[in-house]
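Just so you know, these numbers use all the heavy atoms, side chains as well, and skip hydrogens, waters and symmetry mates. Since the structure is predicted, the reported quantities are computational estimates derived from the model, not experimental observations.
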Amino acid sequence: MTKPNLKGLTLNELEDFALSVGEKRFRGAQLFDWLYAKEASSFDEMSSLSKPLREKLASVACIDSLKLVEEQSSHRDGTTKFLFELSDGKRIESVLIPPRTAFDEQKRLTLCVSTQVGCALDCKFCATASMGILRNLTAGEIVDQVLHSQRISKKKITNLVYMGMGEPLMNYEPVMNSVDIISTGMDIAPRRITISTAGWAPKIRRMADEGRKVKLAVSLHSLDHNARSELMPINRKFPLPELLDSVQYYYRKMKSRVTFEYILFDGWNDRDEDIALLASLSRKIPCKVNIIPFHGIDFTHPTGISARLQPTPPKRMAEFVAKLRKAHVTVFVRSSAGDDIDAACGQLAVRVERARKTSVGTAHLQSPVANRRSA
């Protein structure tokens, strides 16, 4: 029988586990502290527990962990991307982002985490989309990205963004369990945690109904229905009116400004009429707009719309931002973090996976068995 993995269990779940193996409830709190605050990777490290208890725990449970496969660091801005391997051999990415400007807090360190292996939404500008969806991550696999990244970097992560591989709100319960664990056990306050969604409207409403105090970011990228539907097929399932209604509902309940993320594509969503639409939206829903440079995905050999997408030229981007600010829109411009490494979401995972498959295929073709079969 497979042992339960304790990493990813909430405080209540660990207390229930302690009771289930004949221990007092307070043992759950001890385990919670060792797993998340003290970052224990084995029962042997839990020195405040007696040796017999540690041996007992090891016999009935495990603390599975991610494995670091590859690490890339940018020489330009300090961005670091980690490629982790899960227990079943599948791979995900996390990105460690240092302060971007002099206005950032000096000790601010942000980690971008993945929530799924691959993604089902098929956004035309995203490298992860080329993988399709393989599976959801567990709460433990999400939390472990934070634990591993802190251990590798030897630095305290202060901010967390759920903006990596996958659509967080399609993996709702594990994502929110991970938020609960991180905010209560790892000293990262909910106000420093951002959940980013491509527009899963019903779950945005659920976040509001549950009083989730994390920040909400919505990948918008266009306020033109047809253009957004081509870029993001989710717009056909939850069209803009439904999405924006759910965001208004969230703001009314939470009284927290939403961030709209907006990747600029040359000639696609960078027109003056797009500026007018964003300005109108900001008057209806208190918000911030994050303007994001486009990281090309040519390495995925895109076709159709994906192959035609190009980044807006710097001069036009500056004009776009200036006109938004003139219209009293709160705008931030995200820098091209890690553009000298595999920085685009899913880029490292896709590249390494394709190289691995190519290597396996080449080895197969060169093997005596393969040669005999071809003969």
Point-to-point distance, once rounded to the nearest 0.5 Å, from CD of Gln310 to CZ of Phe265
10.5 Å
Quick one: do Asp88 and Lys67 satisfy salt bridge (Lys or Arg N to Asp or Glu O under 4.0 Å)? Show the steps, please.
CA-CA 11 Å; Asp88 61 1; Lys67 182 174 77 173; over 6 Å; no
If only atom types and distance count, is the side chain of Arg236 paired as donor or acceptor with the main-chain N or O of Ser229 below 3.5 Å?
yes
Between Lys255 (side chain only) and Arg252 (backbone N and O only), is there a donor and an acceptor less than 3.5 Å apart?
yes
State, to 0.1 Å, how close Leu49 and Leu31 come at their nearest heavy-atom pair, and which atoms those are.
CD1-CD2, 4.4 Å
Side-chain contact, heavy-atom cut-off 4.5 Å: Asp16 with Leu9?
no
If hydrophobic clusters are built from ILVMFWY residues whose side chains come within less than 4.5 Å, do Val321 and Phe332 share one?
no
Could you walk me through whether Met186 and Ile157 satisfy the side chain to side chain contact (heavy atoms under 4.5 Å, CB included) test, starting with their C-alpha distance in whole Å, then the side-chain angles of each, then the deciding distance to 0.1 Å, before giving a yes or no?
CA-CA 9 Å; Met186 299 177 66; Ile157 291 167; over 6 Å; no
Checking side-chain polar atoms at under 3.5 Å, does Thr115 have a donor or acceptor matched by the opposite partner on Glu167?
no
Which distance, rounded to the nearest 0.5 Å, do you find between the CD1 of Ile263 and the CG of Leu220?
11.0 Å
Minimal non-hydrogen separation, Pro239 against His225, with atom names:
CB-CE1, 4.2 Å
For Arg205 and Lys253: C-alpha separation, side-chain torsions, deciding distance, then whether side chain to side chain contact (heavy atoms under 4.5 Å, CB included) applies.
CA-CA 9 Å; Arg205 288 176 172 274; Lys253 280 255 185 177; over 6 Å; no
If hydrophobic clusters are built by linking Ile, Leu, Val, Met, Phe, Trp and Tyr wherever their side-chain heavy atoms come under 4.5 Å apart, do Phe32 and Leu19 end up in the same one?
no
Any Lys215 side-chain heavy atom under 4.5 Å of Thr259 side chain
no
Worked verdict on Asp33 versus Met46 for side chain to side chain contact (heavy atoms under 4.5 Å, CB included):
CA-CA 10 Å; Asp33 184 57; Met46 300 180 182; over 6 Å; no
Shortest non-hydrogen contact from Leu96 to Ser153?
CD2-CB, 3.6 Å
For the pair Arg91 (side chain) and Leu83 (backbone), establish whether a donor and an acceptor sit closer than 3.5 Å, ignoring hydrogens and angles.
no
Within the side chain of Ser73, is there an N or O that forms a donor-acceptor pair under 3.5 Å with the backbone of Thr80?
no
Applying the 4.5 Å side-chain criterion to the ILVMFWY set and letting contacts propagate, would Tyr172 and Ile133 be lumped into a single cluster?
no
Have Ser48 and Gln30 got a donor and an acceptor in their side chains that come within less than 3.5 Å?
no
For the backbone of Glu15 and the side chain of Arg25, can you confirm whether one donor and one acceptor N or O come within less than 3.5 Å of each other?
no
Does the Ser280 side chain pair with the main chain of Ala276, one donor and one acceptor, at a distance under 3.5 Å?
no
Pair Asp180-Arg212, salt bridge (Lys or Arg N to Asp or Glu O under 4.0 Å): steps then yes or no
CA-CA 10 Å; Asp180 291 341; Arg212 297 286 176 179; 3.0 Å; yes
CZ (Phe294) and CG (Asp266) are apart, to the nearest 0.5 Å, by 11.0 Å
Distance-minimising heavy-atom pair for Tyr250 and Val214:
OH-O, 3.0 Å
Give, for atom OG of Ser149 and atom NZ of Lys154, the distance between the pair rounded to the nearest 0.5 Å.
12.5 Å
Asp144 and Leu66: which non-hydrogen atoms are nearest, and at how many Å?
OD2-N, 2.9 Å
So, Ser222 versus Asp224: side-chain donor-acceptor pair below 3.5 Å or not?
no
Between Glu173 and Arg206 (salt bridge meaning N to carboxylate O under 4.0 Å), is one present in this structure?
yes
Does atom NZ (Lys38) have a neighbourhood of more than 12 heavy atoms from anything else shown, all under 6.0 Å?
yes
Are the side chain of Lys90 and the backbone of Arg135 linked by a donor-acceptor contact shorter than 3.5 Å?
no
What about Phe82 and His148, are their ring centers closer than 6.0 Å?
no
State, to 0.1 Å, how close Leu147 and Leu35 come at their nearest heavy-atom pair, and which atoms those are.
CD1-O, 3.8 Å
Within the structure provided, determine whether Met170 and Leu121 are in side-chain contact (heavy-atom separation under 4.5 Å).
yes
Taking the six-membered ring for Trp, are Phe238 and Trp200 parallel (under 30°), tilted (30 to 60°) or perpendicular (over 60°)?
perpendicular
I would like to know whether Asp64 and Lys7 meet salt bridge (Lys or Arg N to Asp or Glu O under 4.0 Å); could you show each step before the answer?
CA-CA 7 Å; Asp64 279 349; Lys7 192 171 285 184; over 6 Å; no
Check: Asn177 side chain, Thr10 main-chain N or O, donor-acceptor pair, under 3.5 Å
no
Indicate if Met254 and Tyr251 have the same hydrophobic cluster label, given that clusters are the connected sets of ILVMFWY residues with side-chain heavy-atom separations under 4.5 angstrom.
no
Side chains of Leu57 and Glu23: closer than 4.5 Å at any heavy-atom pair?
no
Is the backbone of Glu261 close enough, under 3.5 Å, to the side chain of Ser219 for a donor and an acceptor to pair up by distance?
no
Enter the distance from Glu45:CD to Glu39:CD here, rounded to the nearest 0.5 Å.
10.0 Å
Could you walk me through whether Asp209 and Tyr249 pass side chain to side chain contact (heavy atoms under 4.5 Å, CB included), step by step?
CA-CA 9 Å; Asp209 289 337; Tyr249 181 84; 2.5 Å; yes
N-O pairing of Lys124 and Glu230 below 4.0 Å
no
Check: Val331 main-chain N/O paired with Arg325 side-chain donor or acceptor under 3.5 Å:
yes
For residues Thr312 and Phe320, determine if any side-chain heavy atom of one lies less than 4.5 Å from a side-chain heavy atom of the other.
no
Tell me, do Phe43 and Leu53 make a side-chain contact under 4.5 Å, heavy atoms counted?
no
If I take atom NE2 from residue His301 and atom CZ from residue Phe299, how far apart are they, to the nearest 0.5 angstrom?
9.5 Å
